[in-house]
Amino acid sequence: MKALIIGGGITGPVAALALRKAGIEAEIFEAYEQNAGNAGGWLMIAPNGVNALGILGLDADLRAIGRPNQRMVMTDGRGKRFGAFDELDADNPSQLAMRSDLCALLAERAVEAGIKIHHGKRLVDVAETADGVTAHFADGSTATGDVLLGADGVHSTVRKLIDPNAPGPRYTGLLGFGGSVPGNDFGLAEGEFYFAQGKRGFLGYALTAEGDTGWFTNVPSHEPMTGAEARAIGAEEWLRRMRELYGDDYPAHGILAKATPDGMVVLGGMHIMPSAPRWHTDRIVLVGDAAHVPSNSTGQGASMSIESAIELARCLRDLPVPQAFEAYEKLRRARVEKVAEQGEKTNQDKVNGRIGQAVIGVLAPIAMKLFMKPEKMFGWLHRHRIDWDGKVSA
């Protein structure tokens, strides 16, 4: 069997490496002329994502480029801690990494494994027969294989080819920003990740591997914007707006006062797409963000994509198509939709501002003690392990 993989970001190389482990040939076709991961800021690979990468022998590589997170710390806009979540397994914590570093790592490992990555190949159409598929690209070239995997992200072309009426990603009402400022003026501890809920928004921040203060935030906006549109407004203007939005909140006031346009990443609109109605045809299948896009609030986007890529490879190893695709969807749909549902609730809290500073100060400590138990909240998610050696049944 030969698989054509559309998309060379995170999901595509993981799928290719998993297929190679399953004894299936794979080639990657990437629309951009260079690696797809050059843009973007921080991302979190949760313990379940680390577990999945371990199947491919990439967990140690991830830890080499990442920074372990041992504790999530919640504070209010005055700097007062009202709760913290320790990682469930101190020996396998979440890893914080730059998206560009992770994409470069995965592409390098794919090439080392003998997987071809073709750049400048923007998919425009797919011809499907009973025996295989032929991909047609914008430059006039074609490629033929037995199956085609759409790992082409939230704005997937493959998703529309499978189902022209498929809904696209939905804008969450939030724009994404991030950056870093020199030094550690706020006494941040290694291994801790902080979330500060201010009067009108939240700021996430942590100590970087270089000893600086990294930060990220989502700014509510009624108007959706692409990354290019947001960057056209200018980082300096966005900094002005964020400083006004956060006012004297701690530590947002101090971090944003030191922030500079050249030390900032402007990501544009954040999107969510809980699950596409159709994941596959007989020979074409969606994987990762092309099929399901949980909110960045979940910290699970990359981990869910990695899991799905590896589960799909297991199914193609053990079952013929299209039964393999049916088994894959059965294994994955309920899990990814549960994650998306949790992210949707968090987004609404951010957009609507329903959690005010006063309410947080009074109720959050009580809720943390009585209801918000880490094992109950995250155990089913973070402890998940894929049984690679187990045989998939139809």
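Fair warning: this is a prediction, and the values are worked out from it, not measured in the lab.
- Glu307 and Asn51 are not linked by any side-chain donor-acceptor pair at a separation below 3.5 angstrom, with hydrogens and angles left out of the test.
- Residues Thr217 and Tyr205 bring no donor and acceptor atom of their side chains to less than 3.5 Å of each other.
- For Asp131 and Arg283, the salt-bridge test fails: no basic side-chain N is under 4.0 Å from an acidic carboxylate O.
- For the residue pair Tyr328 and Glu326, no side-chain donor N or O sits within less than 3.5 Å of a side-chain acceptor on the partner.
- Salt bridge present: Arg81 and Glu192 bring a charged side-chain N and a carboxylate O closer than 4.0 Å.
- Legend: residues meeting salt bridge (charged side-chain N to carboxylate O under 4.0 Å, His left out) with Asp248, ordered by chain and number and at least two apart, are Lys199.
- One finds no salt bridge joining Glu244 and Arg241 here, because no Lys/Arg side-chain nitrogen approaches an Asp/Glu carboxylate oxygen to under 4.0 Å.
- Closest of all the heavy-atom pairs between Val339 and Leu381 is CG2-CD1, 3.7 Å.
- The side-chain contact (heavy atoms from CB on, under 4.5 Å) test with Val158 is passed by exactly one of Val285, Asp152, Val126: Asp152.
- If you look at Phe202 and Phe216, their ring centroids are closer than 6.0 Å.
- A salt bridge does not link Asp146 to Lys2: none of the charged nitrogens lies less than 4.0 Å from a carboxylate oxygen.
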Exercise. Dump the intermediate steps for side chain to side chain donor-acceptor pair (under 3.5 Å) on Thr75 and Gln197, then the final yes or no.
Key: CA-CA 6 Å; Thr75 71; Gln197 179 65 50; over 6 Å; no
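- Salt bridge present: Asp59 and Arg63 bring a charged side-chain N and a carboxylate O closer than 4.0 Å.
- Qualifying salt bridge (charged side-chain N to carboxylate O under 4.0 Å, His left out) partners for Lys160, counting only residues two or more places apart in sequence or in other chains: none.
- By the side-chain hydrogen bond (donor to acceptor under 3.5 Å, both in side chains) test, Lys121 is found to be paired with Asp139, Ser141, residues two or more places apart in sequence or in another chain being considered.
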Practice problem: List the steps and the verdict of ring-ring contact (aromatic ring centres under 6.0 Å, His included) for Phe177 and Trp238. | Solution: CA-CA 9 Å; Phe177 302 89; Trp238 285 118; 5.0 Å; yes
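- Rounding to the nearest 0.5 Å gives a distance of 7.0 Å between CG of Asn69 and CG of Leu96.
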